[in-house]
K.L.:
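To start, I am sharing the structure in question, which I have written as structure tokens.
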Amino acid sequence: MQSQLKIFNTLTGKKEDFKPINPPKVLMYACGPTVYDLSHLGHARMALTFDVIQRYLRFAGYDVTFVRNITDVDDKIINKAKELNVRPEEIALKYTDTFHKDMHDLNAALPDVEPRATEYIEKMLAFTQSLIDAGHAYEAGGDVYFDVLSFKTYGKLKKQSLDEMIQGAREQVRSQSELKELKKNHFDFALWKSVDQKEPGWQSPWGWGRPGWHLECSTMIKNVLGETIDIHGGGEDLVFPHHENEIAQSEALHKKTLANYWIHNSFVQVEAEKMSKSLGNFRTIQSILESYSADTIRFFVLQTHYRSPIEFTEKSMESAKAGISRLIRAAQFAPEANGKTTDNIDIAPVEKLDQEFRKAMDNDFNTPQAVSALFGFADTIFVTTDPNTAKKYTEELRRYASVLGFTLEDNRRSLDPATTAKLKEIVQSLTETAADTDDASQLMEMLLSAREQARADKDYKRSDMIRDRLLEVGIKVMDVKGGKATWECS
RNA sequence: GGCGGCAUAGCCAAGUGGUAAGGCAGAGGUCUGCAAAACCUUUAUCCCCCAGUUCGAAUCUGGGUGCCGCCUCCA
């Protein structure tokens, strides 16, 4: 189904109709992590933003090739390795693994291709040589710099001309530029940096050295996807200089547009400041996952449009948790069969959901509105009395929710060992016989039937006690009219 | 200093010219042994301030105020 998708393009500063170069194919690239430390919520937001974009494009019928790189050569990695007295590769490998775990735990799909910078050194050298040959780069003392004056549209993504940038640069920048005598222009940037022979590096026509950061993306895009792609994105802070420099390198060499649509997500803030490594105000993905599910984190992130900043607070996280719980309950909803069922399912509510959902997502991936559509559909589910209809609706809810990456999985089977042990204690303290199982669902079964018996005996003191003890360990018991009580982790 | 962005109820957050989505929290009610969940009702005469354009603006224009980001590694 062809969509009317509109995307806000950083390059033009406007929402534009999305027209892929070669529909239904979509070539998409997002800048991945530099693997030198654990990822934090800010990285998670970027990953989730592009995960959802990619999911929606596929849902809308596009044939997406999604590429996300791993920057595994960088000063930060090398410095950390020196600090810990290990080889840089170990650091890179370790944090590549933790990043993959983070993505897995957040239910973020793997990219179709995940190139690593170190696999493309040869190609980067060739790229650099071509730029020198074309007169866009020059060698100086073993370094190679891109000559920004040779690329007349430099600054088009940032929307500021080179002259304006030079004039507007703050004091600090000007004084720094005086130190860099090797460069012709302060805004010239390194394609290749010479380093001491003892340092990690590669041999190049200009001596021992390492590639500049911006070069890897240009090179990998060219070699994995081609000279012009449909979508390129990343965090807002990559607009300048990273993406601007990628454009300069690639477009100077190929004389072609690098990417038609540039998408940038806004930040996660803490107390009105950007969450970042350097400010030290970050929360790692794994630490947040200790308290909140992937669905809750996604809900927290996706209830704000990707181009607006999000303030991280415990209150917002709790609010998100309560919100996603309602959707999970809706996805689990199953009314008791009341004798008669129908195969004549009214699909009008599903059509309404589809329409609202697509309309929201087609409008520059408006996930807050898409989530709202999910809630509207949940309302319908809760008032459904026919089991067949409810089954169909809950399947549809899960299907649309999955486009946003929500699993809506029932979390009641995910009791951790500590809680299970506590359940066992409760069983033993309530019954004379010792519980001879460590199976959480069996233990729950025992407790719920004990409570059911108490209620049948009108021993409400005992039944309430069981309910209270369960609540203490984080389990909420809910009676179902005419049926067995249900429960969930709070 | 240059450039860019944001300001909507107690909190979070859509809406970008036609009279304020949704979530959380709160209040009242139904259901329940009591709860919880679910359901019903309810919660911004108004969208930072001041001018202006318009039949009509939270939405457009101009001017303020406050906050944030980039210009150095950064998602």
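Order of the sequence lines sets the chain letters (A, B, ...), proteins ahead of strands, with each chain counted from 1.
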K.L.:
For the side chain of Glu236(A), counting heavy atoms from C-beta on, which of A37(B), G69(B), C34(B) is nearest?
P.N.:
G69(B)
K.L.:
Choose from A75(B), G33(B), G2(B) the nucleotide whose nearest atom is closest to any side-chain atom of Thr34(A).
P.N.:
A75(B)
K.L.:
Counting runs of three or more consecutive pairs, Watson-Crick or G-U wobble, with each distance below 3.5 Å, where are the stems of RNA chain B?
P.N.:
B:1-7 with B:65-71, B:10-12 with B:22-24, B:26-30 with B:38-42, B:48-52 with B:60-64
K.L.:
Looking at Lys321(A), I'd like to know whether one of its side-chain N or O atoms comes within less than 4.0 Å of OP1 or OP2 on G23(B).
P.N.:
no
K.L.:
Are Phe365(A) and Phe8(A) an aromatic pair by the rule of ring centers under 6.0 Å?
P.N.:
no
K.L.:
Roughly how many Å is it from CZ in Arg283(A) to P in A75(B), rounded to a whole number?
P.N.:
19 Å
K.L.:
Check whether the side chain of Arg307(A) and the base of G5(B) form a donor-acceptor pair under 3.5 Å.
P.N.:
no
K.L.:
Check the phosphate of A35(B) against Arg467(A), side-chain N and O only, distance under 4.0 Å to OP1 or OP2. Yes or no?
P.N.:
no
K.L.:
To the nearest angstrom, how far is Lys274(A) atom NZ from A75(B) atom P?
P.N.:
8 Å
K.L.:
Between Phe312(A) and Phe300(A), what is the ring plane arrangement, given parallel below 30°, perpendicular above 60°, and tilted in between?
P.N.:
perpendicular
K.L.:
Could you tell me the separation between the CE atom of Met478(A) and the P atom of A36(B), rounded to a whole number of Å?
P.N.:
12 Å
K.L.:
Go through the structure and list residues passing ring-ring contact (aromatic ring centres under 6.0 Å, His included) with His214(A), not counting sequence neighbours.
P.N.:
Phe189(A), His242(A)
K.L.:
Phe333(A) near the nucleic acid: base, sugar-phosphate alone, or nothing, with a heavy-atom cut-off under 4.0 Å?
P.N.:
nothing
K.L.:
Determine the contact category for Val371(A): base if any of its heavy atoms lies under 4.0 Å from a base atom, sugar-phosphate if only primed atoms, P, OP1 or OP2 are that close, otherwise nothing.
P.N.:
nothing
K.L.:
How far, in whole Å, is A9(B) from A44(B) if one measures between their P atoms?
P.N.:
12 Å
K.L.:
Using the C1' atoms only, state how far U41(B) lies from C34(B), rounded to an integer number of Å.
P.N.:
24 Å
K.L.:
Could you tell me whether the phosphate oxygens of C39(B), OP1 or OP2, come under 4.0 Å of any side-chain nitrogen or oxygen in Arg326(A)?
P.N.:
yes
K.L.:
So Trp262(A) and His264(A), would you call those rings parallel, tilted or perpendicular, with 30° and 60° as cut-offs?
P.N.:
parallel
K.L.:
Between C50(B) and U65(B), how far apart are the two P atoms, rounded to whole Å?
P.N.:
15 Å
K.L.:
Which whole-number value in Å describes the distance from Leu238(A) CG to C70(B) C1'?
P.N.:
11 Å
K.L.:
Just compare C39(B), C71(B), A75(B) and give me whichever is closest to any side-chain atom of Val383(A).
P.N.:
C39(B)
K.L.:
Return yes if some donor-acceptor pair links the side-chain N/O of Arg326(A) with the main-chain N/O of Phe375(A) below 3.5 Å, else return no.
P.N.:
no
K.L.:
I'd like to check, for Phe375(A), whether its ring lies over the base of G22(B) with centroids under 5.5 Å apart and a plane angle smaller than 30°.
P.N.:
no
K.L.:
Just the rounded figure in Å: distance from P of G1(B) to CD of Glu164(A).
P.N.:
17 Å
K.L.:
Distance between the C1' atoms of C47(B) and C60(B), in whole angstroms?
P.N.:
16 Å
K.L.:
Go nucleotide by nucleotide along RNA chain B from the 5' end; which of Arg45(A) and Pro241(A) gets its closest nucleotide reached first?
P.N.:
Pro241(A)
K.L.:
Should Lys82(A) and Glu199(A) count as an ion pair when the cut-off is N to O under 4.0 Å?
P.N.:
yes
K.L.:
Can you check nucleotides 7-14 of chain B for protein contacts, nitrogen or oxygen pairs under 3.5 Å, and list what you find?
P.N.:
unit_1: C12(B); atom_1: O2'; unit_2: Gln303(A); atom_2: NE2; d: 3.4
unit_1: A14(B); atom_1: OP1; unit_2: His305(A); atom_2: N; d: 2.7
unit_1: A14(B); atom_1: O3'; unit_2: Asn366(A); atom_2: ND2; d: 2.9
unit_1: A14(B); atom_1: O2'; unit_2: Gln369(A); atom_2: NE2; d: 2.8

K.L.:
Using the P atom as the point on both nucleotides, what is the distance between U59(B) and G63(B), in whole Å?
P.N.:
16 Å
K.L.:
Taking CZ from Phe282(A) and C1' from C73(B), how many angstroms apart are they, rounded to a whole number?
P.N.:
14 Å
K.L.:
In terms of side-chain heavy atoms of Lys158(A), which of C71(B), C34(B), A75(B) is nearest?
P.N.:
C71(B)
K.L.:
For the pair Lys15(A) (side chain) and Lys6(A) (backbone), establish whether a donor and an acceptor sit closer than 3.5 Å, ignoring hydrogens and angles.
P.N.:
no
K.L.:
Under 3.5 Å, is there a donor on one side chain and an acceptor on the other for Asn363(A) and Gln369(A)?
P.N.:
no
K.L.:
Expressed in angstrom and rounded to an integer, what is the separation of His243(A) atom NE2 from A75(B) atom P?
P.N.:
11 Å
K.L.:
Can you name the one residue among Arg68(A), Arg45(A), Arg298(A) that meets salt bridge (Lys or Arg N to Asp or Glu O under 4.0 Å) with Asp51(A)?
P.N.:
Arg298(A)
K.L.:
Within the structure shown, what part of the strands sits under 4.0 Å from Lys76(A) by heavy-atom distance: base, sugar-phosphate, or nothing?
P.N.:
sugar-phosphate
K.L.:
Sticking with atom C1', work out how far G18(B) lies from C46(B), rounded to a whole angstrom.
P.N.:
15 Å
K.L.:
Taking the C1' atom in each of A57(B) and U16(B), what is the distance between them to the nearest angstrom?
P.N.:
10 Å
K.L.:
Any pair with a residue in residues 456-483 of chain A that passes ring pair (Phe, Tyr, Trp, His ring centres under 6.0 Å), sequence neighbours left out, goes on the list, sorted by first then second residue, please.
P.N.:
none
K.L.:
Report the residue (Val268(A) or Gln160(A)) whose heavy-atom-nearest nucleotide on RNA chain B is the more 5′ of the two.
P.N.:
Gln160(A)
K.L.:
I'd like to check the ring-ring contact (aromatic ring centres under 6.0 Å, His included) partners of Phe66(A); sequence neighbours left out, ordered by chain and number.
P.N.:
none
K.L.:
With sequence neighbours left out, what residues match Tyr95(A) under ring-ring contact (aromatic ring centres under 6.0 Å, His included)?
P.N.:
none
K.L.:
Using a heavy-atom cut-off of 4.0 Å across all strands, would you classify Gly42(A) as base, sugar-phosphate, or nothing?
P.N.:
base
K.L.:
What is the separation between atom CG on Asp237(A) and atom P on G4(B), rounded to the nearest whole Å?
P.N.:
19 Å
K.L.:
For the P atoms, the ones on A25(B) and on C11(B), what distance do you get once it is rounded to whole angstrom?
P.N.:
16 Å
K.L.:
With a non-hydrogen cut-off below 4.0 angstrom, is Ser463(A) in contact with a base, only sugar-phosphate, or nothing?
P.N.:
base
K.L.:
From C73(B), C39(B), C70(B), pick the nucleotide closest to the side chain of Asp379(A)?
P.N.:
C39(B)
K.L.:
Report yes if a donor N or O on one partner sits less than 3.5 Å from an acceptor N or O on the other, where the partners are the side chain of Asp479(A) and the base of C31(B); otherwise report no.
P.N.:
no
